[in-house]
Amino acid sequence: MTKLTDVGIEQMVATLLRAGVMISGTIVLAAGAYYVIRSGTDPVHLSTFVGEPSRLRVLHEIMESAWHRQPRAAIQVGVLFLVATPVLRVILSLVAFALEGDRRYVVITAIVLAVLLFGLAEGIG
Amino acid sequence: MNVIEFTPIVLATAFGAGFLGSLTGLGGGVILTPVLTLFLHVDLRYAMGASLISVIATSSGAAAAYVRDGYSSIRIGMFLEIATTLGALFGAMIATRIPTAALSVIFGLILLQAAWQSVFGHHATAPAPLDSDPIAKKLNMNGEYNTAEGVIAYGVCRVKAGFAVMFGAGTISGLLGIGSGSLKVIAMDQVMRIPFKVSTATSNFMIGVTAAASASVYLSRGWVDPGLVMPVLLGVLGGSLLGARFLAVLPVQLLRRVFAVVVGLMAVEMMLTGFHVNL
C-alpha cells in the first residue's frame, strides 16, 4: 500500500536521481573535454584487456589523482558519483520506512544497503 | 586509432544506442556491448564495464517519469532487490572467472531472448487476486494503482519463486553488465502476476540499484575505462533523452521488429565470436 510518506519521499528520490545523473554527466563532460584536449593524440588500447591501474580503481587513489588534475581520474569521479545515486536512493528509502515506523521494511532495506556497501567496500575500498 | 578519433565514434554510437533503446525499450546495454565489441573491437570486458555504467544513468534518469505515474511499488522492489543485489554481486564475481568467449556466447543467448521477447512477448497476464501469497500479505506487498477506469487493487503470487528468478536476473546483470530489465519484468509480470505497469515501473527502480551492486566489482577488476565510459555515458544519456521525445511520434511497433531482427543478428555474431568463428 502506498502511504503519503511514500509519495513524498519518492518524489524527492526521483529529483535526487535526476540531479545525480546531471551532476555526474556534467563532471564527465567537463573531465572528458579536458581529457580529449590534453590527450587527444594518445592511442586507444581497448582491444587488449590489461585492466585499469589502481589509481583509477581504488577510491582514495581516484580522488587523489583527480585532485592532481588527471583527466581520466576526474572522469572516474563522475562515474563514482553516478554509482552512488542508487545507493543514496536506498538510504532515503530506509529513512522513509523508518519515519513510517515500518520495521519490517527498515530491515529489508538495511539488508539491501548492506549488500551494496559490502560490494563497494570490497570493490573500491 | 587515437583518442580524438575514437571518442566521437563511440559518442555517436552510444547516442544511437540510447535513442533506439529508449524507443524500443530494449535497453541500451543490450545494444551497445555487441556494437562496441563487434565493430569497434573493444575488449568485451571494457565494453561491459561501460555498458553497466550507462545502465545506471538511464535508469536513474528515467526514474522521475515512473515516480510521477505512481505505478512503482517500492516494497515489492526493495524486497526483491535483496535477491537481485546478491545475484549481481555473485554474477559479477564469477564473470571475472569465466573466459570471455563463454561470456560472449551467454551474451548472445540473452540477446536472442530479448529480441524474441520484444516481438513475441505476452504482457497481459491476469493479475493476482488479493488473497494470493501469504508472504505477500505479511510483507504488505499488495497494492493498487490508478487507471482510466478507476483504482485497481492487486495481489502478489509465488513470492519465493519470484525471489529465485530475481536472483537469476541479478546474476545475469552482474555477469554481462546489462540491466536485465526484461527478465525482471518477466519475473514480476508472469511469475508473480503483478500488473504489467507496476512491473515495468518497479523494474526501472530496481535496475539502477542492481547495476550499482555489480559496478563496484567491475570497477575493482579494472573493467571500467574512463576513456570509454565518458563518450558512452554522454552518448547514451543524450540519445535516450532525445528518444523519449520522439516516443509519441515514431512507429514504435515497427521499430521494435526491425530492432529485434538486428539484435538477433548481433546475437548470432556474438555467439559465433565466442565459438571462435570469425565471419
Side-chain angles (χ1 to χ4, degrees), chain A residues 1-2 6-7 10-11 13-15 17-18 20-21 24-25 28-29 31-32 35-36 39-44 46-53 56-57 71-73 75-76 78-80 82-87 89-90 93 102 104-105 108-109 111-112 115-116 118-124, chain B residues 1-4 6-7 40-43 45-46 53 56-57 59-61 63-64 66-68 70 72-75 78-79 81-82 85-86 88-89 92 100 139-140 142-144 205 208-209 211-231 233-234 237:
Chain A
M1 289 294 173
T2 37
D6 269 359
V7 177
E10 275 298 291
Q11 295 279 22
V13 163
T15 314
L17 289 174
R18 266 282 173 86
V21 174
S24 160
V28 171
L29 179 63
Y35 171 59
V36 173
S39 319
T41 48
D42 285 2
V44 169
L46 291 166
S47 304
T48 16
F49 180 74
V50 289
E52 299 300 303
L56 293 175
R57 284 187 287 114
R72 283 160 66 83
I75 294 175
Q76 286 301 56
V79 171
L80 289 175
L82 189 65
V83 175
T85 43
V87 180
R89 182 179 199 173
V90 174
S93 302
D102 193 333
R104 271 208 186 93
Y105 276 88
I108 289 175
T109 312
I111 296 174
V112 175
V115 176
L116 284 173
F118 171 75
L120 280 170
E122 278 292 295
I124 57 173
Chain B
M1 214 188 294
N2 58 28
V3 171
I4 195 125
F6 186 72
T7 304
L40 290 173
H41 306 295
V42 174
D43 184 274
R45 281 155 288 198
Y46 287 133
I53 301 298
I56 300 179
S59 152
S60 298
Y66 286 101
V67 168
R68 207 178 21 235
S72 177
S73 167
I74 190 161
R75 282 177 168 75
M78 199 59 83
F79 175 73
E81 266 306 324
I82 298 177
T85 46
L86 286 171
L89 279 186
T100 48
L139 290 177
N140 233 327
N142 297 349
E144 49 192 39
F205 153 66
V209 180
S214 324
S216 40
V217 182
Y218 278 40
L219 273 162
S220 76
R221 308 291 177 170
W223 290 22
V224 179
D225 180 272
L228 179 63
V229 174
M230 181 260 298
L233 181 63
L234 296 172
L237 276 179

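Naming: A, B, ... by sequence-line order, numbering from 1 per chain.
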May I ask you to test the A/Leu46-B/Asp43 pair for a side-chain heavy-atom distance under 4.5 Å? no
Output the option from A/Gly32, A/Ser47, A/Pro43 having the highest count of non-hydrogen pairs under 4.5 Å with chain B. A/Ser47
Are any non-hydrogen side-chain atoms of B/Ile82 and A/Val115 less than 4.5 angstrom apart? no
Considering only heavy atoms, which portion of A/Thr15 lies under 4.5 Å from any heavy atom of chain B: side chain, backbone, both, or neither? neither
Do you know the tightest heavy-atom contact between A/Leu56 and B/Pro226? CD1-CG, 3.9 Å
Toward chain A, the part of B/Thr85 with a non-hydrogen atom under 4.5 Å: both
Would you indicate whether the side-chain heavy atoms of A/Val50 and B/Tyr46 approach each other to under 4.5 Å? yes
Other residues, nucleotides, ligands: >12 heavy atoms within 6.0 Å of A/Phe118 CZ: no
If you round to the nearest 0.5 Å, how far is CD1 of B/Ile74 from OG1 of A/Thr109? 7.0 Å
Just so I know, are the side chains of A/Arg89 and B/Ser60 near enough to count as touching, which here means a heavy-atom distance under 4.5 Å? no
So which heavy atom on B/Leu139 is nearest to which on A/Arg104, and how close? CD2-CD, 3.5 Å
Ignoring hydrogens, what is the shortest heavy-atom contact between A/Gly25 and B/Leu234? Give both atom names and the distance. O-CD2, 3.7 Å
Flag this pair as yes if the NZ/CZ of B/Arg75 is under 6.0 angstrom from the six-membered ring centre of A/Tyr105 and inside a 45 degree cone about the axis; otherwise no. yes
Side chain, backbone, both or neither: which part of A/Ile108 has a non-hydrogen atom closer than 4.5 Å to chain B? both
Which of the residues A/Val21, A/Leu120, A/Val44 is involved in the greatest number of heavy-atom pairs with chain B at under 4.5 angstrom? A/Val44
Compare every heavy atom of B/Ile56 with every heavy atom of A/Val83, then report the nearest pair and how far apart it is. CG2-CD1, 4.0 Å
Where on B/Val42 is there a heavy atom nearer than 4.5 Å to chain A: the side chain, the backbone, both, or neither? both
Just by distance, do the side chain of A/Arg57 and the backbone of B/Ser220 share a donor-acceptor pair under 3.5 Å? yes
Start with the C-alpha gap between A/Val90 and B/Glu81, add the side-chain angles, then the distance that decides, and say whether side-chain contact (heavy atoms from CB on, under 4.5 Å) holds. CA-CA 10 Å; A/Val90 174; B/Glu81 266 306 324; over 6 Å; no
Non-hydrogen atoms of B/Ile53 and A/Leu82 that approach each other most closely: O-CD2, 3.5 Å
Please tell me if the side chains of B/Leu89 and A/Glu122 come closer than 4.5 Å, counting only heavy atoms from C-beta onward. no
Less than 4.5 Å to any heavy atom of chain A: does that hold for the side chain of B/Met1, its backbone, both, or neither? backbone
Closest non-hydrogen atoms of A/Gln76 and B/Val224, given as atom of the first, atom of the second and distance, are NE2-O, 3.3 Å
Could you tell me if the side chain of B/Asp225 sits less than 4.5 Å from the side chain of A/Arg72, heavy atoms only? yes
Between B/Asn2, B/Ile4, B/Leu237, which has the largest tally of heavy atom pairs under 4.5 Å with chain A? B/Asn2
Where on B/Ala215 is there a heavy atom nearer than 4.5 Å to chain A: the side chain, the backbone, both, or neither? side chain
What part of B/Leu233 is in contact with chain A, defined as an atom under 4.5 angstrom from a non-hydrogen atom: side chain, backbone, both or neither? side chain
Turns out that what part of B/Leu219 lies under 4.5 Å from chain A's heavy atoms comes down to both
With only heavy atoms counted, which part of B/Phe6 is less than 4.5 Å from chain A, the side chain, the backbone, both or neither? side chain
Contact class of B/Tyr218 relative to chain A, heavy atoms under 4.5 angstrom: neither
